[in-house]
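Let me begin by presenting the structure, written as structure tokens, before commenting on it.
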Amino acid sequence: MTNIVILTGAGISAESGLGTFRDEGGLWAQHRIEDVATPGAFERTPDLVHAFYNTRRAQAAEAGPNAAHLALAKLEQHHSGSFLLITQNVDGLHEKAGSRKIIHMHGQLDRALCHVCGYRWDAPTVMQTGDPCPKCAAQATRPDIVWFGEMPYQMDFIYEHLANADLFVSIGTSGEVYPAANFVAEAKHAGAHTLELNLEPSSRASAFAEVRVGKASQMVPEWVAEHTL
Ligand code: OAD
């Protein structure tokens with residue numbers, strides 16, 4: 001039995017029509033991180049931050065999973081060992097494809113978080129400054145997104161799985177953002193085979209034992225087919 005850990009990034013959702021962050025014309029070419037993706041930005045200009053995530057929430061709601069998301073859901077269903085899908089993506093496309101053993105380490109667009117009491121609930125399509133928390137009524141609700149300078153979710157659980165991984169596969173991520181960029185080193189340390197599937201070799205490509213270059217919608221189903229033979 002193989003213990004599989006998979007990490008996905010924005011590249012897996014690119015062919016579903018959702019923009020990546022660092023490719024040409026990507027989200028971080030259109031918006032400054034410090035304006036929309038930090039706790040300080042939300043303190044200074046909450047309306048702007050809500051508008052940014054409201055737009056992205058609407059885009060994600062319209063998007064459908066592609067062949068890569070569907071293949072990973074199929075792998076989860078057929079795999080007999082342990083399986084964990086860690087995504088940096090805040091869209092819900094893995095769930096729409098049928099994935100269930102999934103961690104959103106950077107949060108989710110369709111969830112809201114109360115800054116005061118920590119309560120989480122399904123986000124409305126449009127969130128606004130001053131929306132009250134359904135539990136404590138504080139007017140301090142925010143998108144349930146991990147911003148720069150904040151700790152990604154469920155790191156202990158993730159490191160536990162990486163420490164027991166036999167196979168670590170990274171799909172559609174530039175390897176520019178830590179701690180996710182270091183998962184390959186953790187998995188390697190545990191003795192896992194490490195594979196990168198990306199449109200181009202990422203900045204962490206040299207850390208992987210195997211690198212395959214191409215589109216996720218082609219490469220992921222091909223790799224899953226090999227693996228479930
Ligand atoms: P990036 O935009 O940094 O990287 C996307 C990667 O996907 C690039 O290496 C592309 O070459 C690759 N790619 C693009 N299209 C592809 C396709 N069709 N098939 C396969 N690969 C493709 O996005 P992430 O690595 O996900 O965090 O970014 C990591 C984090 O940085 C995000 O979660 C977000 C961002 O700032 C937060 O907002 C906290």
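Just follow the structure's listing: the first ligand is 1, and inside any ligand the first atom is 1.
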Listed pairs under 3.5 Å, donor-acceptor, residues 85-93 side chains, sequence neighbours left out:
| from | atom 1 | to | atom 2 | distance (Å) |
| --- | --- | --- | --- | --- |
| Thr87 | OG1 | Thr8 | OG1 | 2.7 |
| Thr87 | OG1 | Asn89 | N | 3.0 |
| Gln88 | NE2 | Thr8 | O | 3.4 |
| Gln88 | NE2 | Thr173 | OG1 | 2.9 |
| Asn89 | OD1 | Ala10 | N | 3.0 |
| Asn89 | ND2 | Gly9 | O | 3.0 |
| Asp91 | OD1 | Leu93 | N | 3.0 |
| Asp91 | OD2 | Ser13 | OG | 2.8 |

Determine all donor-acceptor pairs shorter than 3.5 Å in which one atom belongs to a side chain in residues 151-163; sequence neighbours excluded.
| from | atom 1 | to | atom 2 | distance (Å) |
| --- | --- | --- | --- | --- |
| Tyr153 | OH | Arg120 | NH2 | 3.2 |
| Tyr153 | OH | Asp144 | OD1 | 2.5 |

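In this structure, a donor-acceptor pair under 3.5 Å is absent between the side chains of Ser170 and Glu196.
If you look at ligand 1, the protein residues with a non-hydrogen atom under 4.0 Å away are Gly9, Ala10, Gly11, Ala14, Glu15, Thr20, Phe21, Arg22, Asp23, Trp28, Gln88, His106, Val146, Phe148, Gly172, Thr173, Ser174, Val177, Asn198, Leu199, Glu200, Gly214, Lys215, Ala216.
The 12-atom threshold is not exceeded at CD of Glu62, counting heavy atoms of other residues, nucleotides or ligands nearer than 6.0 Å. In this structure, His31 places its NE2 atom where more than 12 heavy-atom neighbours from other residues, nucleotides or ligands lie under 6.0 Å away.
By the salt bridge (charged side-chain N to carboxylate O under 4.0 Å, His left out) test, Arg111 pairs with Asp122, sequence neighbours left out.
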